[in-house]
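All remarks here apply to the structure that follows.
Naming: A, B, ... by sequence-line order, numbering from 1 per chain.
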Number of protein chains: 2
Amino acid sequence: MAKASREPKISAEEATARLRHAGLRPTRQRVELAGLLFQDGDRHVTAESLHDEVSGAGVKVSLATVYNTLHQFTEAGLLRQVIVDAARSYFDTNTGDHQHFFLEKEGLLIDIPGETIAVAGVPAPPPGLSVDRVDVVVRVRRN
Amino acid sequence: MAKASREPKISAEEATARLRHAGLRPTRQRVELAGLLFQDGDRHVTAESLHDEVSGAGVKVSLATVYNTLHQFTEAGLLRQVIVDAARSYFDTNTGDHQHFFLEKEGLLIDIPGETIAVAGVPAPPPGLSVDRVDVVVRVRRN
DNA sequence: CAACGAATTAGAACAATTCTAAACTGTGAG
DNA sequence: CTCACAGTTTAGAATTGTTCTAATTCGTTG
Ligand SMILES: [Mn+2]
Ligand SMILES: [Mn+2]
Ligand SMILES: [Zn+2]
Ligand SMILES: [Zn+2]
């Protein structure tokens, strides 16, 4: 009864399996970060916020590794990058089709399920170009 | 016949009037920048691109002033900021309702007129929040 | 338990942007 | 027209988020 962790985060085994499945070596750092990122449904993190979180949990991981890991997870399809703020990059654990509310003031992202919003009338792109994706950001403020 | 300018940019008088109307002192720098920005319909500039442009035209304006001016013009409603790239801020001379194609690779923005795209099904924001605007970015790539 | 390539890391480097504080300039009162 | 003064510009330093470098450490496989 020495260790009394009360976090409902996914087990190291689950994280390890997920990493291997994605073709990534399950290092201590990646297992820790995956544990935090994928414990709950949807999360929107920043390199800094995740670094603070993992550090706050007493785990030593450098900020450079957090950046590396976020990018590797993104390349592996485990995360997706969201661009809503000129100053910060967000990473989203929800890789499915969906949109966002963005609370500029507090840097908060809230998911809008994929089927909720319908975008009609997107014109054909100029010749030689093809559509990669359509992003909708609903910018909101406190009233 | 000494000076043979061939730019169809708006006159200094027009720029000056526009600035005064917006409550901004028509300084040499602001008049030059307004002349470049508002000569044609729609433009999407970056602080750097505008600085290069004005410098290339032989006008001496510091980069700090370009940043100051872009922000002042934005506050005054003459410009609007567009967020599509985590690394760069774009400013748009089209302040009306419209959307964009964004060519990530070359940092190119292309307007989509306001009535073209219809966004339906935007849910009510969480309590205490109100919608400020809905941005649609159609990310495209060369094929 | 090597050995070797992959991953991590501290710290330097970068790029975009903002800040500072000193010099300059537009304006309007006299 | 002149001057005074608030507003503006500017060089350069500072800040911030992110990436790079090169040395160390680690995971995997034989
Ligand atoms: Mn941006
Ligand atoms: Mn930055
Ligand atoms: Zn999301
Ligand atoms: Zn535009």
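- A heavy-atom distance below 4.5 Å is found between the side chains of A/L103 and A/R142.
- Protein atom NE2 of A/H51 is 14 Å distant from nucleotide atom P of D/dG17, rounded to whole Å.
- Each of B/T95, B/N68, B/L24 was scored for a side-chain contact (heavy atoms from CB on, under 4.5 Å) with B/F73, with one residue passing: B/L24.
- Close to D/dT19, at under 4.0 Å from its OP1 or OP2, lies no side-chain N or O of A/Y67.
- For A/R20 and D/dT28, the shortest distance from a side-chain N or O to OP1 or OP2 is below 4.0 Å.
- The CD1 atom of A/I83 sits 16 Å away from the P atom of D/dG17 (whole-angstrom rounding).
- Among the protein residues, B/H71 comes within range of the sugar-phosphate backbone only, with heavy atoms under 4.0 Å from sugar or phosphate atoms but none that close to a base.
- Look at CG on A/L33: it is 14 Å from P on C/dA7, rounded to the nearest Å.
- In summary, the aromatic rings of B/Y67 and B/H51 are positioned with their centroids too far apart to meet the 6.0 Å limit.
- No salt bridge links A/E32 with A/K60; every basic N to acidic carboxylate O contact stays at or beyond 4.0 Å.
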- [ ] Classify every nucleotide of nucleotides 6-12 of chain D by which part a protein heavy atom approaches to under 4.0 Å, writing B for the base, S for the sugar-phosphate alone and - for neither, in 5'-to-3' order.
- [x] BSSSBB-
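- A search for side chain to side chain contact (heavy atoms under 4.5 Å, CB included) contacts involving A/D132 returns B/R139, B/R141, not counting sequence neighbours.
- Going from atom CG of A/L70 over to atom P of C/dA7 covers 15 Å, rounded to whole Å.
- Using a distance-only test at 3.5 Å, with no hydrogens or angles considered, no donor-acceptor pair links the side chain of A/R18 to the main chain of A/E13.
- Using a 4.0 Å heavy-atom criterion, one finds that A/S89 contacts the sugar-phosphate atoms exclusively.
- Under the 30°/60° scheme for interplanar angles, the aromatic rings of A/H44 and A/H98 are found to be tilted.
- For the pair B/R88 CZ and C/dA16 C1', the computed distance is 8 Å after rounding to whole Å.
- For the helix from C/dC1-D/dG30 to C/dG30-D/dC1, the axis fitted to the five pairs at one end and the axis fitted to the five pairs at the other end meet at an angle of 20° (nearest 10 degrees).
- Relative to the six-membered ring of B/F91, B/R80 misses at least one condition, a distance below 6.0 Å or an angle of at most 45° to the axis.
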- [ ] Begin from the C-alpha positions of A/Q99 and A/T116 and carry the test side chain to side chain donor-acceptor pair (under 3.5 Å) through to its verdict.
- [x] CA-CA 9 Å; A/Q99 308 299 346; A/T116 314; over 6 Å; no
